[in-house]
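Atoms within each ligand, like the ligands themselves, are counted from 1 in listed order.
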Amino acid sequence: MSQLRHDAEFDPTMVAEITGRGYTVQRANVSRELMDPWRSVVSRGFLDSQPTDEQLQAFFDRNKDYRLIGIYDPQTTVPEMPVATLGAWGARLTVPGGELESFAVSAVTVSPTHRRRGLLRSLLGGELRTAARAGFPIASLTVSESGIYGRFGFAPAALAAEAEISVRQAGWAGPEPDGRIDFLTREQGRAIADDLHERVRAGRPGEVDHRAGAWDQVFGTMPGAEKAGALRVVQYRSPAGQVDGLAVYTVIENEESFSDSTLDLHRYIAATDDAYAALWRFLLSLDLIGTVRASGLSVDEPLWWMVADRRAARVSVHDHHYLRILDVPAALQARHYERADQVVLDVADPLDIAGGRFQLTTTESGTATARPADSSVAPDVRLGIADLSAMLLGGVSAITLAQAGRLRSDDPARVARLFAGSVTPLLSFWY
Ligand SMILES: CC(C)(COP(=O)(O)OP(=O)(O)OC[C@H]1O[C@@H](n2cnc3c(N)ncnc32)[C@H](O)[C@@H]1OP(=O)(O)O)[C@@H](O)C(=O)NCCC(=O)NCCS
């Protein structure tokens, strides 16, 4: 996020709503005096324990350049503890054939003592307006609960799957690439992860770049990291010597049946098909491991075509990466389209940030122009901003949304063909 955006003024409506209740609002990432209580409140909001001083210092060092906001109630017994929090930064979001700078939102909490008084509505509504004014074409987040963000115009654009795999039942039926697997130290893994992730991200709609500090959480490489010693890191190197993948996991000993222990896969990043196959083959063939659990998987995972018995995996799918378009022409023009067409979209926005009527024209070469259309032009499709955001990555068909009563068109199949993508969207981690 540029300095200007990072320091962008608060939305005046938001400030008026918050001060009207007798509260104040300010950025917390300016000093440890403000940041430590802010971080403690976020921990409490997400059911974690109070961070240690070492962890608070590490958090400050890694996050002081982000936009971290607190709302404060001077009447509380500990007035330096915010009663609501929100963190944001500029993230690079991959869309089919391109990318967008997204206003990524995280650390959204409202204190249980102040819940359901409209604080989230004021804070998030205000920040989305600020983001739109600062030129972000889209906002994004991952959620603790599905029911919260639809009213703000967000929808799940990339789903994710979790799997529990019985490894002895699964049986490997996939490729057996040459190349080698080696253990790394956590620091070595940390050093190569970002390049690998960026290689994967470039081709996978729904992924965002990692914040630098977030890699330390993956590898337990920051001061005071909990349970870091349990993490194991392996890499895959091609026969030509190129490092093309890594996996981070822990093992949980089964005290009743030692040879039937469990492996929890925290991250795998495979930048080539060989790395993908080699790492999964390794993980599914470890001695003493009877079960592998993994999350952040695609709903369209190649692994299911590489095992002999698919029913060895119990797979569940959930909503994961929520997007919210803030500028319809900019968002639509950023992606690639598989066909030439011209459609007029009528987009309703519950927060009045990005709605209107727009003409989208795509060419044989896949480029697009999108511009506001006159209200006298009849729309080919009517939908909400959340539904357009859901379709942007190609993860849901317009036919499905029409069947769900969320999109209206005389020809939803045409809209579905226009927005279809050839790569199933995925965000492989939480933020
Ligand atoms: C989720 C949370 C931030 C909501 O804050 P809040 O200040 O109570 O929310 P508001 O009062 O502004 O509510 C705004 C709207 O969202 C709805 N809403 C709030 N929390 C909701 C929830 N958990 N599920 C469904 N709807 C919810 C409200 O009913 C209200 O709806 P309406 O305006 O359409 O009537 C707060 O409950 C919280 O901190 N939860 C624990 C941490 C968490 O899960 N954070 C979200 C991380 S993604």
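Scanning the protein for heavy atoms near atom 39 (O) of ligand 1, the closest one is V110 N, 2.8 Å. The protein heavy atom nearest to atom 42 (C) of ligand 1 is G45 O, 3.6 Å. Given atom 1 (C) of ligand 1, the protein heavy atom at minimum distance is I148 CD1, 3.6 Å. For atom 11 (O) of ligand 1, the closest non-hydrogen atom on the protein side is G118 N, 2.8 Å. Atom 18 (N) of ligand 1 has as its closest protein heavy atom R151 NH1, 3.9 Å. Closest protein heavy atom to atom 23 (N) of ligand 1: E145 OE1, 2.8 Å. From the protein, the heavy atom lying nearest to atom 45 (N) of ligand 1 is V108 O, 2.8 Å.
Contacts with ligand 1 closer than 4.0 Å are made by backbone heavy atoms (N, CA, C, O) of R117 only, the side chain lying farther away. With a 4.0 Å heavy-atom cut-off, ligand 1 is reached by the backbone of R115 and by its side chain too.
Listed by first then second residue, pairs satisfying ring-ring contact (aromatic ring centres under 6.0 Å, His included) with a partner in residues 18-59 read Y23-H114, not counting sequence neighbours.
A salt bridge does not link R190 to E187: none of the charged nitrogens lies less than 4.0 Å from a carboxylate oxygen. We find that R408 and D346 are not joined by a salt bridge, their nearest charged nitrogen and carboxylate oxygen being 4.0 Å or further apart.
For ligand 1, the atoms closer than 4.0 angstrom to any heavy atom of T142 are 48 (S).
Polar contact with ligand 1: present for L120 (N/O pair, distance under 3.5 Å). Ligand 1 has no N or O atom lying under 3.5 Å from any N or O atom of Y149, backbone or side chain. Geometrically, ligand 1 and R121 share a nitrogen or oxygen pair separated by less than 3.5 Å. Not a single N or O atom of F152, backbone or side chain, sits closer than 3.5 Å to an N or O atom of ligand 1.
Ring geometry, F183 versus Y249: the interplanar angle falls from 30° to 60°, so the pair is classed tilted.
Checking side-chain atoms of E127 against main-chain N and O of L124 turns up no donor-acceptor pair under 3.5 Å.
Contacts of D11 classified as side chain to side chain contact (heavy atoms under 4.5 Å, CB included), with partners at least two apart in sequence or in another chain: T13, M14, R129, T130, R133.
Between the choices A107, A84, G150, S144, the shortest heavy-atom distance to atom 44 (O) of ligand 1 belongs to S144.
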